[in-house]
Amino acid sequence: MKLSHLSETLIGSEIVKLGGEIREKIRQGAKIYNFTVGDFDPAVFPIPRELEDAIVDAYRRHFTNYPAAEGNLDLRESIKSFTHDTEGLDYALPEILVASGGRPLIYSVFRAICDEGDKVIYAVPSWNNNHYTHFVSGEHIVIEATAETNFMPTADAIRPYVQEATLIALCSPQNPTGTTFRKEDLEAICDLVIEENKRRPEGAKKLYVMYDQMYWHLTYGDIRHYNPVSLRPEMRGYTIFIDAISKVFAATGVRVGWSFGPEKIIAKMKAILTHIGAWAPMAEQKAVAKYLANRDAITQYLAHFKKEVEERLRRIYEGFVSLREKGYSVDAIAPEAAIYLTIKLDLAGKTTADGKKLENQSEVTDYILNEASLAVVPFYAFGAGKNNPWYRLSVGTCRKEEIGEMFARLEEALSRLK
């Protein structure tokens, strides 16, 4: 059966493949410590009660018709106020677009800006930039970030490619790494973009930045979140923000996201999504509009939520440091943000108790799953090299009482390798 070139060339998801294996093991009765999903177990991390009540109330008041294509006015007004109060960013209502979470907004950014063959710069590991670039038949300019830069792209790495690029896709705090831009590093990238756009002649397509800050409220310790427009106001004309309630309120299934940026681009994104129909549901929009105005409830929720997430991240980080100090070939980067911990399982080349050599990182992933019952996502699933030994560990479904037993199983499996 012959189908479209796009559908025939879509890249399969390693995450979906791994998820299928995990579900099958659980179905057969196996105990799996599943740290793969960038989601939340509602029994562990429920959405805010005030938001839940507002959603139920909105349905009971029969808000079940179509919302406005750009997002309901009351919600966009709440987003405008919330963004001003929390980030100091001032955007007018026509510069704000609402959709059903971040994904359709990201898709519409790529569609609104990129033509076939346009160069798109993105770092790996990163979430889905490779797929969105493929959707628009763009040319992939891939920068492999390393542990030396906390897996964040740098201006020096980007600089050789900017003169012909159309879009730079950035994310901070980053999925999958849970790491963030330092102020000076993001400033350097902004300066690069501003300089390049000044070089381009009148009427030429500009170089734009998509800035995905889905996790920006979830930073820990001394880590601060920075954005391009606050650092360099001239970036306002070139930056499209992606944000949502998905992660900050553990509300991945509620599906309310928003974008803000230059009015012309937002209008084109709206037109694209009008034909796709990827609107956030009416009742959820009404509820989120009400909840975003409840600053006291938000402050109270985040204080507890962040404390619980950070505790899990730090306990697991300390567990990997302890294993490293015992001589095992593992490591981790201290938690900075989001719900992710970057861990290292540098086990390729080692031999199992039954004499099988772990030839590559895929076999390492299988060994850890089968022998330690630990499920984590390799960075090669996020576009990094196939032999990259780093992994994403997500704590969104983590129960604190299982952390100790998980490490006992992991150390036992590591001790059997030679």
Side-chain angles (χ1 to χ4, degrees), residues 35 38 40 45 82-89 123 125-127 145-157 170-191 209 211-233 235 239 241-244 246-250 295-296 298-322 324-325 330-344 390-396 398 400 403:
F35 292 91
F40 300 93
F45 295 111
F82 183 70
T83 302
H84 172 269
D85 291 351
T86 56
E87 280 196 278
L89 294 170
S126 64
W127 180 83
T146 65
E148 287 67 38
T149 61
N150 261 12
F151 294 102
M152 301 300 289
T154 65
D156 286 342
L170 301 178
C171 178
S172 183
Q174 169 124 280
N175 179 5
T177 63
T179 54
T180 60
F181 276 120
R182 298 298 181 266
K183 181 173 181 282
E184 60 274 15
D185 294 328
L186 185 55
E187 284 175 331
I189 293 174
C190 292
D191 291 340
V209 169
Y211 199 67
D212 179 349
Q213 56 173 22
M214 193 73 65
Y215 297 88
W216 81 265
H217 297 271
L218 305 180
T219 57
Y220 311 113
D222 296 329
I223 297 297
R224 283 192 60 194
H225 172 72
Y226 298 98
N227 73 74
V229 176
S230 294
L231 294 178
R232 295 288 187 269
M235 283 295 294
T239 305
F241 289 86
I242 305 294
D243 210 335
S246 305
K247 310 298 183 175
V248 63
F249 302 131
R295 301 289 201 274
D296 290 341
I298 290 173
T299 299
Q300 185 176 0
Y301 178 82
L302 284 178
H304 174 74
F305 180 44
K306 289 175 64 173
K307 177 178 175 293
E308 290 295 315
V309 173
E310 183 178 10
E311 181 182 350
R312 288 162 169 80
L313 290 170
R314 293 206 180 278
R315 283 179 59 184
I316 296 173
Y317 167 72
E318 289 162 3
F320 274 95
V321 169
S322 176
R324 182 192 68 198
E325 291 174 348
V330 301
D331 205 349
I333 292 178
E336 291 186 359
I339 60 172
Y340 306 122
L341 188 71
T342 290
I343 65 168
K344 188 178 188 182
W390 294 90
Y391 288 72
R392 182 185 85 173
L393 184 152
S394 171
V395 298
C398 173
K400 288 186 283 189
I403 293 174

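Scope of the values below: all heavy atoms of this structure, side chains included, with no hydrogens, waters or symmetry mates.
The side-chain hydrogen bond (donor to acceptor under 3.5 Å, both in side chains) search around W127 returns none, not counting sequence neighbours. Residues satisfying the ring-ring contact (aromatic ring centres under 6.0 Å, His included) test with F320, not counting sequence neighbours, are F407. Take Y226 and apply the ring-ring contact (aromatic ring centres under 6.0 Å, His included) test, not counting sequence neighbours, and it matches no residue. Residues passing the salt bridge (Lys or Arg N to Asp or Glu O under 4.0 Å) test with E308 are R312, K400, sequence neighbours excluded. With sequence neighbours excluded, the residues that form a side-chain hydrogen bond (donor to acceptor under 3.5 Å, both in side chains) with T146 are E148. By the ring-ring contact (aromatic ring centres under 6.0 Å, His included) test, F151 pairs with F379, W390, sequence neighbours left out. By the salt bridge (Lys or Arg N to Asp or Glu O under 4.0 Å) test, D331 is found to be paired with R324, residues two or more places apart in sequence or in another chain being considered. Residues forming a salt bridge (Lys or Arg N to Asp or Glu O under 4.0 Å) with E87 (at least two apart in sequence, or on another chain): none. Under the side-chain hydrogen bond (donor to acceptor under 3.5 Å, both in side chains) criterion, Y215 pairs with K247, Y340, not counting sequence neighbours. The ring-ring contact (aromatic ring centres under 6.0 Å, His included) test applied to F82 returns H217, not counting sequence neighbours. For R232, the salt bridge (Lys or Arg N to Asp or Glu O under 4.0 Å) partners are E187, D191, not counting sequence neighbours. Listed by chain and residue number, N129 satisfy the side-chain hydrogen bond (donor to acceptor under 3.5 Å, both in side chains) test with S126 (two or more places apart in sequence, or in another chain).
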Side chain to side chain contact (heavy atoms under 4.5 Å, CB included) assessment of K306 paired with Y220: CA-CA 8 Å; K306 289 175 64 173; Y220 311 113; 4.2 Å; yes
Residue pair F241, D212: steps toward the side chain to side chain contact (heavy atoms under 4.5 Å, CB included) verdict: CA-CA 6 Å; F241 289 86; D212 179 349; over 6 Å; no
Evaluation steps, side chain to side chain contact (heavy atoms under 4.5 Å, CB included), between N227 and Y211: CA-CA 8 Å; N227 73 74; Y211 199 67; 3.9 Å; yes
Residues L170, F181; criterion side chain to side chain contact (heavy atoms under 4.5 Å, CB included); working and verdict: CA-CA 10 Å; L170 301 178; F181 276 120; 4.0 Å; yes
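Between F40 and F249, the gap from one ring centroid to the other reaches at least 6.0 Å.
Under the 4.0 Å criterion applied to side-chain N and carboxylate O atoms, E310 and R315 are not assigned as salt-bridge partners.
Within 6.0 Å of CZ on R295 lie more than 12 heavy atoms contributed by other residues, nucleotides or ligands.
E336 and T180 share a donor-acceptor pair across their side chains, judged by distance under 3.5 Å alone. Side chain to side chain, T299 and D296 fail the donor-acceptor criterion of an N or O pair below 3.5 Å.
Between the T239 side chain and the M235 main chain, a donor and an acceptor come within less than 3.5 Å of each other.
You'll find the side chain of L341 stays beyond 4.5 Å of the side chain of V395, heavy atoms only. Between W216 and S172, every side-chain heavy-atom pair lies at or beyond the 4.5 Å cut-off. In this structure, the side chains of D185 and M152 stay at 4.5 Å or more apart for every pair of heavy atoms. For the pair I403 and I316, the minimum side-chain heavy-atom distance is below 4.5 Å. A heavy-atom distance below 4.5 Å is not found between the side chains of F35 and R392. Under the 4.5 Å side-chain criterion, counting only non-hydrogen atoms from C-beta, L218 is not in contact with V309. You'll find the side chain of T219 stays beyond 4.5 Å of the side chain of R224, heavy atoms only. The side-chain heavy atoms of Y317 and I343, taken from C-beta on, include no pair separated by under 4.5 Å.
In terms of heavy-atom proximity, P173 sits nearest to H225 at CD-ND1, 3.9 Å. A pairwise comparison of heavy atoms in P153 and A145 identifies N-CB, 4.4 Å as the closest pair. Taking each heavy atom of T177 and N150 in turn, the nearest pair found is OG1-O, 4.4 Å. The minimum heavy-atom distance linking G396 with F45 is given by the pair O-CD1, 3.2 Å. Contact record, P228 with L186: N-CD2, 4.0 Å, taken as the closest heavy-atom pair.
Here the straight-line distance linking atom OG1 of T149 with atom CZ of R182 works out to 10.5 Å at 0.5 Å rounding. A distance of 7.0 Å separates CD1 of I189 from OG1 of T154, quoted to the nearest 0.5 Å.
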